[in-house]
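What follows is a short report on a single structure.
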Number of protein chains: 2
Amino acid sequence: MQRFRGGFPATIDAKGRVKLPARLREQLEDGYGHEVFVCSFFPHELRVYPLPVWELVEERLLSKPAMKPALLKLIERVNYGQLLELDDHGRLMVPALLREMVAVEGEVVVSGRINHLAITKRSRAASILQEESLSDEELEELAGLEL
Amino acid sequence: MQRFRGGFPATIDAKGRVKLPARLREQLEDGYGHEVFVCSFFPHELRVYPLPVWELVEERLLSKPAMKPALLKLIERVNYGQLLELDDHGRLMVPALLREMVAVEGEVVVSGRINHLAITKRSRAASILQEESLSDEELEELAGLEL
DNA sequence: CCCGTTTCGACCACTTCCGACCACTCCATA
DNA sequence: TATGGAGTGGTCGGAAGTGGTCGAAACGGG
């Protein structure tokens, strides 16, 4: 199974178009075709799932027996997602509704996350990478991971 | 399993290219080929993993059951990494995004760290080597190590 | 129902970037 | 001094990214 890896810069223009970086687009189109499902789990990012992958994720979401509040919130968000196609330049046209709900526009980073792509504001990525080192407790957690 | 050992000077030129020191490059290419994954765990350094090694590390990172905050931060950082190839001179082209986000440029040190290479600013390496002696507590920790 | 406004997909043109290639210097060794 | 490996710097063309126009379709109000 093809894994998405790597973070690349991109921009969302005034019309809401995002050009997926070539490296990620290759991985996407070779493995799954050019249909994707775009949605948001969290306010700071958009997620782009290849359609076949999304169908599995959706299955898993809906099959959960107990409708815990967190799950309900998630499903409500997902319902505002969109099934989209890449145009011939590999661009996604993100509908106005999604753009409004998720505050991503202008300079963004598109990053591979194993089974989907994430679109986040570049400023957010920068602040995460530049964040000062982890606390002692956090370092403790990572001990034994053999990184 | 090939272990990386040794610290060597290198420079990152204006285009973001780093020539891996020959000694380390031999160890890398002989053992694993010329595909690498470059990412940042901490703001002051880049890490270069041979692809086969990275796949193991990634597995270990993702398989941790409890998503502790420190782990989440780490994974988010890793998502901005890049899959790269060495050019025919053994140089890595570090993408602008990573260069911006991790403050490494100009004079650096490339050092072997068992299973990966680290790229840090040379000034940082220098200050560590010149650092004043350890505190009493720190010396205490080291007792019995037979160094 | 009709028309003005908005939205979106297709198409086109320009700019930027980066990866491949080449040229040169600096040492160490013979 | 000749030679080869290592490190450094630059160029150049094709690919990738960016920005715009135009027309069809969708929508809402009168």
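Just so we're on the same page: letters track the sequence lines, and every chain starts at 1. The model shown is predicted, which means the values in this text are computed figures rather than measured ones. No hydrogens, no waters, no symmetry mates; every other heavy atom, side chains included, goes into these values.
Ion pairing of Glu55(B) with Arg3(A) is absent here, as no side-chain N (NZ or NE/NH1/NH2) approaches a carboxylate O to less than 4.0 Å. No salt bridge links Glu45(A) with Arg124(A); every basic N to acidic carboxylate O contact stays at or beyond 4.0 Å. One finds no salt bridge joining Arg122(A) and Glu100(B) here, because no Lys/Arg side-chain nitrogen approaches an Asp/Glu carboxylate oxygen to under 4.0 Å.
Taking side-chain N and O atoms only, Thr11(B) has no distance below 4.0 Å to OP1 or OP2 of dG7(D).
Judged as a side chain to side chain donor-acceptor pair (under 3.5 Å), and not counting sequence neighbours, Lys15(A) has no contacts. For Leu74(A), the side-chain contact (heavy atoms from CB on, under 4.5 Å) test picks out Phe41(A), Leu61(A), with sequence neighbours left out. Listed by chain and number, the residues in a side chain to side chain donor-acceptor pair (under 3.5 Å) with Arg60(B) amount to none (sequence neighbours excluded). Glu138(B) is linked by a side chain to side chain donor-acceptor pair (under 3.5 Å) to Ser135(B), counting only residues two or more places apart in sequence or in another chain.
Note: CE (Met93(A)) to C1' (dT6(C)) measures 11 Å, nearest angstrom. Asp88(B) has its CG atom 13 Å from the C1' atom of dA23(C), to the nearest Å. The separation between Glu85(B) atom CD and dC18(C) atom P is 16 Å, rounded to whole Å. Distance Leu24(B) CG to dA6(D) P: 13 Å, rounded to the nearest Å. Distance, Asp87(A) CG to dC12(C) C1': 13 Å, rounded to whole Å. Nucleotide dA20(C) holds its P atom 12 Å from the CG atom of Leu86(B), rounded to whole Å. Taking atom CG of Leu92(B) as the reference point, atom P of dA20(C) lies 13 Å away to the nearest angstrom. Atom CZ in Phe8(A) sits about 14 Å away from atom P in dT18(D), given to the nearest Å.
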When you compare the protein's N or O atoms with those of nucleotides 11-16 of chain D, which come within less than 3.5 Å of each other, and at what distance?
unit_1  : atom_1 : unit_2   : atom_2 : d
dT11(D) : O4     : Lys15(B) : NZ     : 2.9

Hey, what are the protein-to-nucleotides 13-17 of chain C N/O distances that come in under 3.5 Å?
none

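Between Phe37(B) and Trp54(B), the two ring planes are parallel [angle under 30°; tilted spans 30° to 60°].
The shortest heavy-atom contact between Gly7(A) and Leu97(B) is O-CD2, 3.8 Å.
Place Ala96(B) and Arg91(B) on DNA chain C by their nearest nucleotides, and Ala96(B) ends up nearer the 5' end.
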